[in-house]
Amino acid sequence: MRYELVIFDNDGVLVDSEPLSNTILAGYLTELGHPTSYEDSLRDYMGAAVHRVHDLVKERTGQLLPADFDDVLHARVFAAFERELQPVDGVEELLGKLAADGVPYCVASSGSHERIRVGHRKTGLDRWFDDAVLFSAQDVGRGKPAPDLFLHAAARMGVAPDRCVVVEDSPLGVAAARAAGMEVYAFTAMTPAARLSGADGYFSAMDELPGLLA
């Protein structure tokens, strides 16, 4: 294999959380007087850390979100995860193949550590990931599209950036991977390839990824 480390985004790549979380985010922002459609939420916030929501609302309206915004949002999202969250189709088979082949992998997510763990526990993916290979935007000063999170994950895993490959599904994530000097393959199940420009390859189903990594 050409790479020494596979870095996975989490939401939308490992767990099928983007429809749930963006529906909830759009509804909550609308409830607070900031009308936001599901499509708006995907466009503006998919792949981003929650601080981007605060930043864009302030930039566009001059208003601050409530002090408990993050806590309320996370509580609603986690409740939805417990009810409905599923792993992305084919991801367990993919992880099993990587493990069998001895290929190191990790997670680098804009979500919090708690969000990652809740999602993995609900979907059973916790059997494939221990805490040592879970990295969050909480760990660095800037989230995607800054390269900080991917560079942090590579450093902690002991692999040079140019020996890493990132698996992403958002424009912000693709931009972050490129800024980190890493190759990146874009998962197009939810986001059209045209919005993921700059990736080194594209795939729409998990069983296509091993061929790209070989």
Side-chain angles (χ1 to χ4, degrees), residues 6-29 31-32 36 38 40-57 65-89 91-92 95 105-146 148-153 156-157 166-174 176-177 187 189-191 206:
V6 181
I7 303 177
F8 289 100
D9 176 44
N10 187 58
D11 292 292
V13 171
L14 299 176
V15 296
D16 191 17
S17 54
E18 295 291 7
L20 293 173
S21 58
N22 282 283
T23 297
I24 291 166
L25 175 58
Y28 187 27
L29 286 172
E31 179 186 316
L32 292 172
T36 305
Y38 172 70
D40 293 337
S41 185
L42 288 177
R43 182 194 65 225
D44 293 340
Y45 305 121
M46 183 175 169
V50 70
H51 68 75
R52 179 175 171 86
V53 183
H54 291 265
D55 293 345
L56 283 186
V57 168
L65 291 170
D68 64 350
F69 178 85
D70 294 10
D71 291 339
V72 172
L73 176 65
H74 291 152
R76 294 183 183 187
V77 168
F78 294 168
F81 282 6
E82 293 292 351
R83 292 191 306 268
E84 304 177 54
L85 189 63
Q86 298 293 324
V88 168
D89 286 345
V91 80
E92 291 224 52
L95 294 170
Y105 58 83
C106 67
V107 172
S109 173
S110 293
S112 66
H113 280 282
E114 183 182 11
R115 179 184 174 120
I116 299 168
R117 287 194 293 266
V118 167
H120 286 193
R121 186 167 60 247
K122 167 62 178 174
T123 59
L125 294 185
D126 52 349
R127 67 185 286 244
W128 299 104
F129 297 94
D130 61 36
D131 285 350
V133 298
L134 299 181
F135 305 103
S136 161
Q138 286 181 311
D139 303 329
V140 296
R142 299 181 298 167
K144 305 169 189 177
D148 305 35
L149 176 56
F150 289 139
L151 293 173
H152 171 71
R156 289 289 300 273
M157 297 293 290
V166 174
V167 183
E168 266 287 354
D169 71 330
S170 74
L172 294 175
V174 170
F187 184 40
M190 278 195 61
T191 306
M206 282 295 159

Are any non-hydrogen side-chain atoms of [X] and [Y] less than 4.5 angstrom apart?
X    : Y    : value
M190 : L42  : yes
L20  : V77  : no
H113 : D131 : no
T123 : E92  : no
R156 : C106 : no
L95  : F8   : yes
V133 : Y105 : no
F129 : L14  : yes

Assign the ring pair F69 / Y28 to parallel, tilted or perpendicular, where the plane angle (0 to 90°) is split at 30° and 60°.
-> parallel

Hey, what's the ring geometry for F78 with H74, parallel, tilted or perpendicular (30° and 60° as the breaks)?
->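 Because their plane-to-plane angle is under 30°, the rings of F78 and H74 count as parallel.
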
To the nearest 0.5 Å, what is the distance between [atom1] on [X] and [atom2] on [Y]?
X    : Y    : atom1 : atom2 : answer
T36  : E31  : OG1   : CD    : 11.5 Å
L73  : R76  : CG    : CZ    : 8.0 Å
Q138 : R115 : CD    : CZ    : 11.5 Å
M46  : L172 : CE    : CG    : 9.5 Å

Count the heavy atoms of every other residue, nucleotide or ligand shown that sit under 6.0 Å from CG of D139, and state whether that count exceeds 12.
->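 Atom CG in D139 is packed in, count exceeds 12.
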
Do other residues, nucleotides or ligands put more than 12 heavy atoms under 6.0 Å from R43 CZ?
->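 Atom CZ in R43 is crowded, with more than 12 foreign heavy atoms closer than 6.0 Å.
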
Non-hydrogen atoms of [X] and [Y] that approach each other most closely:
X    : Y    : answer
V88  : V15  : CG2-C, 3.7 Å
V13  : D9   : CB-O, 3.4 Å
D16  : P19  : OD1-CD, 3.8 Å
I116 : G111 : CD1-O, 4.1 Å
A108 : I7   : CB-CG2, 3.6 Å
G12  : D169 : CA-OD2, 3.4 Å

Stepwise, does the side chain to side chain contact (heavy atoms under 4.5 Å, CB included) test hold for L32 with L65?
-> CA-CA 8 Å; L32 292 172; L65 291 170; 4.2 Å; yes

Would you say the side-chain atoms of [X] pair up with the backbone N or O of [Y], donor to acceptor, closer than 3.5 Å?
X    : Y    : value
S110 : G47  : yes
S109 : S136 : no
T191 : S170 : no
K144 : G173 : no
R52  : D44  : yes
Y45  : A26  : no

Tell me, with the steps shown, if H120 and W128 meet side chain to side chain contact (heavy atoms under 4.5 Å, CB included).
-> CA-CA 9 Å; H120 286 193; W128 299 104; over 6 Å; no

Classify the side-chain pair H54/D70 by whether it contains a donor and acceptor separated by less than 3.5 Å.
-> yes

Who are the salt bridge (Lys or Arg N to Asp or Glu O under 4.0 Å) partners of E18, not counting sequence neighbours?
-> none

